[in-house]
Amino acid sequence: MKRRPPLDDDNGFAQHGGYMSAKITKLEEQFNTIQSACRQKSKIFEGISIFVNGFTNPSGEELKRIMMEHGGTFHHYQRSHTKFVIASNLPDVKVRTNITRNIVKPEWISDSLKENKLLDYSKYLLYTNKNRAQPQISFKALNKNEYEVKKEEVDPFSLSLQALNDKIKDESIPEGKTGTAVDPNFLEEFLNNSRLHHIATLGSGFKFHINDLRKNHDGIFPEREILKSKLKQSEMKVESSEIVMHIDMDCFFVSVSLKKHPHLKGLPVAVTHSKGRNESEDFTSYSEIASCSYEARAKGLKNGMFVGAALKLCPELKTIPYDFDEYRKTAFILYDTIAKYTLDIEAVSCDELYADLMPLVEECKIEVMDFVTMLRQEIFDKTGCTCSVGVGYNRLQARMTTKEAKPNGQFSLLGMNVEEFMKDKKIRDLPGVGPNTAYQLTQLKIETCDQLQNLPLQTLQQTFGKKFGETLQMMSKGIDDKKLVFEQVRKSVSVEVNYGIRFNEDQEVHLFLKQVTEELSKRLKEISKKGKLLTLKLMIRAKDASKETAKFMGHGHVERISKSVQLLAATDDAIAIQTTVLKLLAAFNIPPYELRGIGVQMSKLDEEKKDNKLLEMFKKVAEKQQNAPIQERIEASPVKIRKISPVKKRGRPSKLSNADRSSNISVADMFSTKKNSRVSAKKTIEMIDPEVLAELPPEIVNEILEEYQMPEEVEEIPEIEEISEEKNDENIFLQSNWRQVTKSLIDNNESAEQIKNDAASLVRIKNIDLIYLVMRFLHRIIEECDDESLAWRENYNEIAESVQEEMQKIYKKKLSIPKKFI
DNA sequence: ATCCTCCCCTAC
DNA sequence: TAAGGTAGGGGAGGAT
Ligand SMILES: Nc1ccn([C@H]2C[C@H](O)[C@@H](COP(=O)(O)OP(=O)(O)OP(=O)(O)O)O2)c(=O)n1
Ligand SMILES: [Mg+2]
Ligand SMILES: [Mg+2]
């Protein structure tokens with residue numbers, strides 16, 4: 001209902017107002033045609049979706065036709081909602097990453113068709129418990145933790161990768177593959193030239209920078225004295241909790257790049273990789289415009305537009321190259337100039353931030369807009385670039401007024417009728433309203449905020465969902481409850497490449513993925529984080545897309561798929577990540593030549609791995625004041641804060657150099673004498689010196705990690721009442737991923753001792769609901785596996801016995817749990 | 001009711 | 001030629 005087919009538009013020449021015919025994606029169009037073309041003959045397979053893996057009889061094509069004609073659904077790739085995988089045999093590596101309980105022989109389909117009714121698929125399972133002839137696999141292998149590196153398993157990959165590595169070094173790149181991800185230098189080259197990579201990196205860099213400045217700041221802003229003396233004194237009337245300023249550089253890349261091409265000032269200019277037009281009739285470039293000047297915008301140009309399209313609108317357009325290093329330097333000047341006056345800053349991107357000016361104007365007793373005028377002048381003096389500022393009582397108001405102010409202007413909504421101000425704004429100008437939402441709103445005949453204000457909330461929520469519907473209406477009136485977030489915490493890290501992806505061989509894919517995972521590992525290490533949830537994101541050529549894209553080396557029209565795995569322990573290890581990612585990839589079974597994009601993302605990030613305890617401690621201290629204006633923090637607890645940040649930075653904040661970053665460590669250093677910090681048992685892993693770990697071979701590392709998943713007693717003795725709490729933390733069944741951990745213990749045939757103890761302990765802490773679940777779970781998975789399961793059946797009996805024993809002691813009765821095995 | 005996975009959308 | 005990255009918010013639908 002709320003989800004629309006994605007807007008996907010390969011050639012991108014579709015114009016902005018006429019929200020294209022691409023409401024329905026090409027893919028869906030095709031789907032519809034096919035559906036209607038082949039008249040349905042029966043509904044035998046209604047509600048059944050299949051994916052065909054490998055060679056089958058009937059063939060994949062034939063099975064597809066059967067499904068279509070008889071009410072079923074055919075998936076070209078295995079998806080989460082794919083109900084059955086049809087296969088006659090599967091290579092081991094594929095089996096290991098598939099749930100085998102839904103792998104069914106193709107005969108299921110053909111026999112069902114013959115009988116003209118849906119037969120019981122369980123008789124056609126490719127892998128059953130009785131089916132010992134089949135390679136043993138399934139549950140164990142599936143749930144065996146993915147990151148785990150066992151020599152026997154990994155060798156095939158690592159060997160072939162090594163071989164390929166050497167081979168590629170010696171040999172030239174295959175025919176027609178220069179400039180693709182097959183080239184071993186591609187990733188580096190691509191990242192160096194990708195503007196989107198640069199702005200993303202700068203963006204998170206500045207978020208970090210602000211955190212860093214705030215943590216190392218003493219709460220004194222000497223530069224405010226200058227404001228007090230230079231600007232007219234005036235009293236503020238307080239009628240809001242925030243005075244929000246939004247500041248954004250005007251056509252940032254263009255302004256900066258123009259400094260080296262001054263003769264082009266005043267002309268329509270765009271920053272792009274393309275050299276522009278050589279011939280008079282050359283409107284074909286699919287190079288993207290990162291930023292265009294306001295003269296160019298007057299002709300209808302927009303950031304992100306293709307050069308060819310832009311030239312059609314503005315044939316006299318001049319293009320200038322990127323200057324990434326200069327963007328970085330300029331952005332630092334922007335941030336550091338503002339940081340002299342306040343650190344109540346929410347970083348948005350390299351050319352844009354919000355600041356809460358309330359504490360500043362209250363202290364200095366100055367007019368907000370006087371400060372803004374002075375600030376903009378200072379930024380211009382230092383950078384030679386103009387910026388614009390909007391001011392309002394919330395972030396939305398500030399954001400909207402910046403648009404109004406641009407270029408090179410400022411605008412305040414304070415004391416104005418906000419609802420009135422919003423009325424003539426186009427819905428597309430609301431932050432959060434992109435092409436899709438705008439299209440859906442125009443379908444509702446809504447084009448301005450005025451109309452949006454008057455639309456019944458119910459209608460909006462029907463189309464956009466409860467939450468977003470309400471947000472939309474609030475926004476249309478200029479209301480926005482979201483407070484600024486000064487200290488932002490990263491929740492994920494990813495490396496994605498959706499350009500130049502043209503492979504022929506699996507090994508080429510593997511080799512590229514290796515580089516991608518190494519890059520990911522590098523980035524995790526840079527910010528001292530480890531992650532527990534690993535996601536592989538792929539872009540696959542859409543069925544109807546031509547093999548060659550309109551845009552050179554682009555991805556074209558694609559289908560996006562992703563798959564994630566929970567790791568047993570957080571990791572940043574390149575090998576561990578790579579191994580897991582290769583398995584995820586194998587599970588999709590995509591022919592290499594159909595890939596158009598590859599990304600690897602790590603989320604569920606743990607706390608900082610180094611000085612973990614110290615940082616956690618720091619957070620505890622700073623927790624309450626976390627998002628408070630910097631000055632209030634000091635007032636609330638001057639002693640503590642001084643202790644945390646003895647390193648004073650007066651006057652001009654320094655650039656974010658390596659030296660500066662490492663100075664952050666001094667925060668942690670301060671705690672190095674405090675030993676009584678309480679560490680959650682889960683994090684015991686972090687007690688191993690990371691440097692030591694890094695020296696060890698990855699297999700060993702993972703073994704150690706595995707060990708530490710079941711930590712021994714914590715070395716430091718916490719206060720008495722905390723002991724029991726901590727011990728409970730160690731109970732595997734009290735971990736959120738206890739199912740996974742338990743499976744892994746069983747699959748690896750580890751000792752049942754801990755399971756037994758922890759299960760009994762559950763009874764002691766009277767967590768009966770959980771012990772009930774646990775016992776049922778144990779029974780089920782032990783029943784499902786065979787082989788070693790004899791031992792585990794006995795283990796189960798023992799565990800059950802010990803649980804019942806505790807039950808008797810505490811409750812004087814037995815728990816109704818699955819019966820013992822015989 | 002709450003969680004998880006696999007998306008989609010938006011922004012710069 | 002061209003360098004379509006990356007993070008966060010959130011919804012649908014299934015599992016628990
Ligand atoms: N599709 C986009 C949008 C932005 N950027 C880069 C180039 C921009 O200069 C910079 C900042 O983005 P803004 O949205 O702030 O746009 P500009 O600064 O270029 O223009 P404006 O004056 O509207 O802020 O990010 C980009 O590469 N591709
Ligand atoms: Mg800008
Ligand atoms: Mg901006």
Side-chain angles (χ1 to χ4, degrees), chain A residues 1-10 12 79-81 178-181 186-204 206-207 248-249 252-253 272-275 278 282 284-288 290-291 303-304 306-308 322 347-353 399 428 430-438 440 464-468 471 482 485 488-501 523 533 535-537 539 548-556 558-566 596-597 599 601 603-604 736-737 739 769 773 776-777:
Chain A
M1 181 212 315
K2 271 139 246 158
R3 274 160 81 146
R4 292 290 134 134
L7 295 173
D8 215 335
D9 160 30
D10 186 12
R79 316 289 290 270
S80 60
H81 50 279
T178 38
T180 76
F186 175 83
L187 184 61
E188 190 188 348
E189 190 90 336
F190 170 71
L191 292 180
N192 281 338
N193 287 297
S194 163
R195 78 190 202 279
L196 291 173
H197 168 69
H198 281 275
I199 63 176
T201 310
L202 284 176
S204 32
F206 283 108
K207 285 168 191 178
D248 187 305
M249 302 300 289
F252 184 52
F253 282 17
T272 161
H273 283 300
S274 156
K275 301 266 178 337
N278 330 320
D282 187 5
T284 59
S285 171
Y286 285 90
S287 175
E288 274 176 50
S291 177
N303 289 358
F306 288 141
V307 169
Y322 290 94
V348 176
S349 74
C350 61
D351 89 323
E352 182 176 348
L353 58 84
R399 184 80 199 25
R428 186 58 232 263
L430 291 170
V433 175
N436 196 322
T437 309
Q440 285 178 247
F464 298 102
K466 192 168 162 18
K467 186 143 182 164
F468 191 47
T471 309
K482 266 190 300 165
V485 179
Q488 304 183 66
V489 181
R490 266 253 263 217
K491 294 179 185 148
S492 69
V493 180
S494 68
V495 177
E496 294 166 37
V497 180
N498 301 311
Y499 178 86
I501 300 299
R523 291 184 196 176
L533 186 67
T535 305
L536 175 68
K537 312 177 179 198
M539 288 175 54
E548 267 326 306
T549 49
K551 181 184 175 79
F552 176 67
M553 288 295 138
H555 55 62
V558 293
E559 193 180 338
R560 288 152 217 264
I561 57 180
S562 74
K563 194 175 183 72
S564 37
V565 197
Q566 295 257 10
R596 288 293 178 272
Q601 179 183 60
S603 48
K604 297 212 173 162
S736 60
N737 60 345
R739 284 166 218 269
D769 288 346
L773 280 182
R776 288 209 330 180
F777 176 81

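These numbers come from a predicted model, not from an experiment. Order of the sequence lines fixes the chain letters, A, B, ..., with proteins taken first and strands second; residue numbering starts at 1 for each chain. These values consider heavy atoms only, across backbone and side chains, with no hydrogens, waters or symmetry-generated copies.
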Are any of [X]'s side-chain N or O atoms less than 4.0 Å away from OP1 or OP2 of [N]?
| X | N | result |
| --- | --- | --- |
| Ser285(A) | dA2(C) | yes |
| Ser492(A) | dG8(C) | yes |
| Ser494(A) | dG5(C) | no |
| Asn436(A) | dC8(B) | no |
| Arg523(A) | dT6(C) | yes |
| Ser287(A) | dA3(C) | yes |
| Arg195(A) | dG4(C) | yes |
| His197(A) | dA3(C) | no |
| Thr535(A) | dC6(B) | no |
| Lys466(A) | dG11(C) | no |
| Lys275(A) | dA2(C) | no |
| Lys551(A) | dG4(C) | no |

Exercise. Strictly by modelled atom types, are Thr272(A) and Ser287(A) linked by a side-chain donor-acceptor pair under 3.5 Å?
Worked result: yes
Going by heavy atoms in the side chains, are [X] and [Y] under 4.5 Å from each other?
| X | Y | value |
| --- | --- | --- |
| Val497(A) | Phe190(A) | yes |
| Arg195(A) | Glu288(A) | yes |
| Tyr322(A) | Asn193(A) | no |

Atom pair distance, as rounded to whole Å: [atom1] in [X] and [atom2] in [N]:
| X | N | atom1 | atom2 | result |
| --- | --- | --- | --- | --- |
| Phe206(A) | dT6(C) | CZ | P | 17 Å |
| Arg596(A) | dA2(C) | CZ | C1' | 15 Å |
| Lys537(A) | dA7(C) | NZ | C1' | 8 Å |
| Glu559(A) | dC8(B) | CD | C1' | 13 Å |
| Lys207(A) | dT6(C) | NZ | P | 14 Å |
| Tyr286(A) | dT1(C) | OH | C1' | 12 Å |
| Arg560(A) | dT5(B) | CZ | C1' | 18 Å |
| Leu196(A) | dA3(C) | CG | P | 9 Å |

Considering only [options], which nucleotide approaches the side chain of [X] most closely?
| X | options | result |
| --- | --- | --- |
| Gln566(A) | dC4(B), dG4(C), dC6(B) | dC4(B) |
| Arg490(A) | dG5(C), dA7(C), dT5(B) | dA7(C) |
| Tyr499(A) | dA11(B), dA2(C), dC6(B) | dA2(C) |
| Ser194(A) | dT5(B), dG5(C), dC12(B) | dG5(C) |

Exercise. Tyr322(A) or Lys491(A): which one's nearest nucleotide on DNA chain C is closer to the 5' end?
Worked result: Tyr322(A)
Exercise. Gln601(A) or Gly179(A): which one's nearest nucleotide on DNA chain C is closer to the 5' end?
Worked result: Gly179(A)
For this session: Using the C1' atoms only, state how far dC9(B) lies from dG4(C), rounded to an integer number of Å.
Result: 16 Å
Looking for any heavy atom pair under 4.0 Å, which part of the strands does [X] touch: base, sugar-phosphate only, or nothing?
| X | answer |
| --- | --- |
| Arg399(A) | sugar-phosphate |
| Leu536(A) | nothing |
| Gly203(A) | nothing |
| Thr437(A) | sugar-phosphate |
| Asp351(A) | sugar-phosphate |
| Ser274(A) | sugar-phosphate |

Exercise. Any idea how Phe464(A) and Phe468(A) line up, ring-wise: parallel (<30°), tilted (30 to 60°), or perpendicular (>60°)?
Worked result: perpendicular
Exercise. Can you name the closest pair of heavy atoms from Phe552(A) and Tyr499(A) and give their distance?
Worked result: O-CE1, 3.2 Å
Exercise. Is Arg596(A) salt-bridged to Glu559(A), cutoff N-O under 4.0 Å?
Worked result: no
Problem set entry | ring centroid sep under 5.5 Å plus plane angle under 30, His273(A) with dA3(C) | no
For this session: Calculate, to the nearest 0.5 Å, the distance between atoms NZ and OG belonging to Lys207(A) and Ser349(A) respectively.
Result: 8.0 Å
